[in-house]
Amino acid sequence: MAEPRKILTVFGTRPEAIKLFPLVHALDADPRFDSRVCVSAQHRGMLDQVLAIADVVPHHDLDLMTPGQTLDALTARALVEIGRVLDAETPDWVVVQGDTTTVMAGAIAAYYRQIPVCHVEAGLRSGDIYHPWPEEVNRRVVGTFAALHCAPTDTARDALLKENTDPATVHVTGNTVIDALHWVSAKVEAEPGLVSGLADLETRFAGKRIIGMTSHRRENFGDGMQNIADAVKRIASRGDIAVIFPVHLNPNVHAVMNEQLAGLDNVALIEPLDYPHFARLLNIAELMLTDSGGVQEEAPALGKPVLVMRETTERPEGVAAGTAKLVGTDADTIVRETERLLDDPEAYSAMARAHNPFGDGLSAQRICDLLAR
Ligand code: UD1
Ligand code: UDP
């Protein structure tokens with residue numbers, strides 16, 4: 001039997017961990033691979049929540065997060081430190097996912113050593129380098145030299161082909177977020193105690209219609225965040241709803257949201273939820289208000305209408321399927337579209353249909369098979 005291929009999977013933030021743990025599980029279980037994991041720990045607490053639930057123990061933990069880290073410092077440190085791990089491990093492939101600073105730095109470190117890069121969730125494009133910022137450029141950089149592009153959808157594949165990417169290197173695999181969602185749903189079904197942490201809020205808000213919310217986009221810092229907070233305040237003036245808002249640990253989010261929303265009776269500002277609890281929130285919410293990428297993929301899969309507080313999206317599939325709608329960061333628009341969903345049953349049911357444009361939950365295995373070729 002041939003030597004197993006050494007695959008080094010590199011990630012650093014919560015969404016990368018969620019979208020890569022299914023692949024790490026699949027690689028670990030497959031004798032064709034010697035699977036190694038390196039976390040930059042660009043996130044700390046929010047990354048550790050995922051590692052714990054998915055039972056992933058990294059071989060290398062670079063512990064890079066510093067409070068309020070700048071993009072320059074993080075990029076520089078990630079490049080140097082991931083490079084050191086690559087020199088020690090000399091993998092056959094480096095796998096990265098998505099579009100964060102860790103992804104770009106990890107991919108460049110591999111390129112500097114002429115190690116082939118597999119890019120998971122390749123080909124997402126908004127067409128605007130400042131929305132989302134800096135992610136649009138991060139993923140384009142990786143897209144210029146990855147040896148294997150795992151596009152989640154046909155739209156993503158087409159975007160890569162339009163950029164003259166070698167078609168032989170582009171494969172539509174689906175998005176591993178659906179694998180993760182299936183995995184966590186099955187786990188919660190087997191162990192309902194995993195989501196008991198939301199029970200108090202569910203009791204407190206019994207009889208109210210739940211709106212789930214997340215917000216963290218860098219390009220929304222400043223006026224955008226203020227507008228979002230203002231919209232939530234106005235929505236919360238209704239007695240029939242409750243907003244459950246796990247607040248991202250980025251201080252630029254935390255500061256504004258705590259200042260604007262703390263103390264409102266029907267707004268629960270809570271710590272980031274671990275993945276089982278967040279999946280529970282997706283299930284009990286009537287609709288989601290978000291600027292997150294991953295939530296735009298998960299909510300349609302569960303048939304939850306999602307109002308996207310961004311000007312553009314690199315995930316047009318949810319909009320095309322009718323389950324997601326772009327509402328930007330104008331407070332009047334956010335309030336109007338939320339109230340429309342709450343008060344117009346036809347508008348609601350037109351959006352509340354389960355669609356799975358992002359995958360069938362078998363993406364990790366497809367990626368393994370591509371890596372084994
Ligand atoms: C990062 C990614 C973004 C991704 C998001 C997912 C970049 C530039 N940004 O944004 O693409 O969508 O993660 O959530 O790669 N912090 C903590 N604990 C944590 C995580 C963050 O305290 O577990 C705080 C720290 O003060 C840290 C700050 O948040 O300095 C910013 O973290 P950073 O990873 O630089 O940016 P995010 O806004 O989290
Ligand atoms: N998520 C979570 N707990 C939370 C908020 C989000 O587990 O409190 C999950 C969510 O299900 C999704 C991912 O985190 O899979 C999205 O991460 P985030 O919004 O931080 O980043 P983005 O997807 O925008 O890059």
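Remember, it's 1-based here, ligands and their atoms both numbered in the order they're listed. Heavy-atom basis, side chains included; hydrogens, waters and symmetry copies ignored.
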Under 4.0 Å from ligand 2, counting heavy atoms only, is it the side chain of Pro246, its backbone, both or neither? side chain
Measuring from the heavy atoms of Thr66, does anything fall under 4.0 Å of ligand 1? yes
Which value, rounded to the nearest 0.5 Å, describes the distance between Thr214 atom OG1 and Gln296 atom CD? 9.5 Å
For atom 35 (O) of ligand 1, what is the nearest protein heavy atom, given as residue, atom name and distance? Gln69 NE2, 2.9 Å
Quick one: which of Val308, Thr333, Leu307 gives a side-chain contact (heavy atoms from CB on, under 4.5 Å) with Leu326? Val308
Does any N or O of ligand 1 fall below 3.5 Å from an N or O anywhere on Thr13, backbone included? no
Taking atom 22 (O) of ligand 1 as the point of reference, which of His43, Arg44, Met65, Gln42 owns the nearest heavy atom? Met65
Heavy-atom closest pair (Asp230 atom, Ala331 atom, distance to 0.1 Å) is OD2-CB, 3.7 Å
Under a 4.5 Å side-chain heavy-atom rule over Ile, Leu, Val, Met, Phe, Trp and Tyr, are Met46 and Ile53 clustered together? no
Between ligand 2 and Thr214, is the shortest N or O to N or O distance under 3.5 Å? no
Using a plain distance cutoff, I'd like to know if Pro134 has any nitrogen or oxygen under 3.5 Å from a nitrogen or oxygen of ligand 1. no
Is the closest N or O pair between Arg310 and ligand 2 shorter than 3.5 Å? no
Is it the case that ligand 1 has an N or O less than 3.5 angstrom from some N or O of Thr100? no
Side chain, backbone, both or neither: the part of His216 lying under 4.0 Å from ligand 2 by heavy atom: side chain
For ligand 1 and Phe221, I'd like to know whether there is a polar contact (N/O to N/O, distance under 3.5 Å). no
Counting both backbone and side chain atoms, is some N or O of Arg14 under 3.5 Å from an N or O of ligand 1? no
Residue pair Glu314 / His131, side-chain donor-acceptor N/O under 3.5 Å: no
So which bit of Leu273 gets within less than 4.0 Å of ligand 2, heavy atoms only: side chain, backbone, both or neither? both
Rounded to the nearest 0.5 Å, what's the gap from CZ on Arg140 to CG on Leu160? Could you check? 11.5 Å
Mind checking whether Leu71 contacts ligand 1 via backbone (N, CA, C, O), side chain (CB onward), both or neither, at a 4.0 Å heavy-atom cut-off? side chain
Interfacing atoms of ligand 2 (cut-off 4.0 Å, heavy-atom, Pro272): 8 (O)
Report the nearest protein non-hydrogen atom to atom 13 (C) of ligand 2: residue, atom name, distance rounded to 0.1 Å. Ile18 CD1, 3.9 Å
Show the atoms of ligand 1 that are less than 4.0 angstrom away from any heavy atom in Arg217. 12 (O)
Contacting atoms of ligand 1, where contact means under 4.0 angstrom from a heavy atom of Thr101: 7 (C), 8 (C), 15 (O)
From CA spacing to verdict: side chain to side chain donor-acceptor pair (under 3.5 Å), Thr329, Asn227: CA-CA 6 Å; Thr329 55; Asn227 291 346; 4.6 Å; no
Counting only heavy atoms, tell me which of Gln49, His216, Met46, His254 gets closest to atom 5 (C) of ligand 1. His216
among protein heavy atoms, the one nearest atom 15 (O) of ligand 2 is Glu298 OE2, 2.6 Å
The protein heavy atom nearest to atom 26 (O) of ligand 1 is Gly68 N, 2.9 Å
For atom 25 (O) of ligand 2, closest protein heavy-atom neighbour: Pro15 CG, 3.4 Å
Can you confirm whether more than 12 heavy atoms, excluding those of Asp223, are under 6.0 Å from its CG atom? no
Gln42 and Thr13: side-chain donor and acceptor closer than 3.5 Å? no
Is the number of heavy atoms from other residues, nucleotides or ligands within 6.0 Å of CG (Asp166) greater than 12? yes
Is there a path from Leu289 to Val295 through hydrophobic residues (I, L, V, M, F, W, Y) whose side chains come within less than 4.5 Å of each other? no
Quick one: look up the protein heavy atom nearest atom 3 (C) of ligand 1 and list residue, atom name and how far away it is. Glu135 OE2, 3.1 Å
Measure the acute angle between the ring planes of His248 and His216, then classify it against the limits of 30° and 60° as parallel, tilted or perpendicular. parallel
Counting from 1, what ligand 1 atoms have a heavy atom of Pro67 closer than 4.0 Å? 26 (O), 30 (O)
among protein heavy atoms, the one nearest atom 16 (C) of ligand 2 is Ser292 OG, 3.6 Å
Gly45 N/O under 3.5 Å from ligand 1 N/O: yes
Without hydrogens or angle criteria, can the side chains of Thr102 and Glu16 be said to hold a donor-acceptor pair below 3.5 Å? no
Whether the Asp28 and His25 side chains hold a donor-acceptor pair (N or O, under 3.5 Å, no angle test) is what I'd like checked. no
Per-atom contacts, ligand 1 versus Pro251 - under 4.0 Å to a heavy atom: 24 (C), 26 (O), 28 (C), 29 (O)
Between Asp291 and ligand 2, is there a nitrogen or oxygen pair with a distance under 3.5 Å? no
For ligand 2, is any non-hydrogen atom under 4.0 Å from Tyr275's backbone (N, CA, C, O), its side chain (CB onward), both, or neither? both
For the backbone of Glu286 and the side chain of Tyr348, can you confirm whether one donor and one acceptor N or O come within less than 3.5 Å of each other? yes
Has ligand 2 got any nitrogen or oxygen that is less than 3.5 angstrom from a nitrogen or oxygen of Gly294? yes
Candidate list Glu297, Glu298, Glu135, test salt bridge (charged side-chain N to carboxylate O under 4.0 Å, His left out), partner Arg315, passing option: Glu297
Check the side chains of Glu81 and Ser40 for a donor-acceptor pair under 3.5 angstrom, ignoring hydrogens and angles. no
Considering both backbone and side-chain atoms of Arg218, is one of its nitrogen or oxygen atoms within less than 3.5 Å of a nitrogen or oxygen in ligand 1? yes
Protein contact of atom 29 (O) of ligand 1 - nearest heavy atom, named by residue and atom, plus distance: Asn250 CA, 3.2 Å
Among all protein heavy atoms in this structure, tell me which lies nearest to atom 14 (O) of ligand 1, with the distance rounded to 0.1 Å. His248 NE2, 2.9 Å
Proximity of Pro15 to ligand 1 by residue part, where a heavy atom lies under 4.0 Å: side chain
Which bit of His277 is near ligand 2, meaning a heavy atom under 4.0 Å away: side chain, backbone, both or neither? neither
Supply the atom-to-atom distance Leu194 CG to Tyr275 OH, rounded to the nearest 0.5 angstrom. 14.0 Å
Hey, is ligand 2 close enough to Gly293 that some N/O pair sits below 3.5 Å? yes
If you measure only the distance, is there a donor-acceptor pair under 3.5 Å linking the side chains of Asp128 and Thr312? no
Atom 20 (O) of ligand 2: the protein heavy-atom neighbour that sits closest, reported with distance to 0.1 Å: Arg14 NH2, 2.8 Å
Can you tell me which residue and heavy atom of the protein come closest to atom 24 (C) of ligand 1, and the distance to 0.1 Å? Leu249 O, 3.5 Å
How far apart are the C-alpha atoms of Arg366 and Asp179, what are their side-chain angles, what is the distance that settles it, and do they pass the salt bridge (charged side-chain N to carboxylate O under 4.0 Å, His left out) test? CA-CA 11 Å; Arg366 281 190 199 102; Asp179 303 36; over 6 Å; no
Considering residues, nucleotides and ligands other than Asp200, do more than 12 of their heavy atoms fall under 6.0 Å from its CG? no
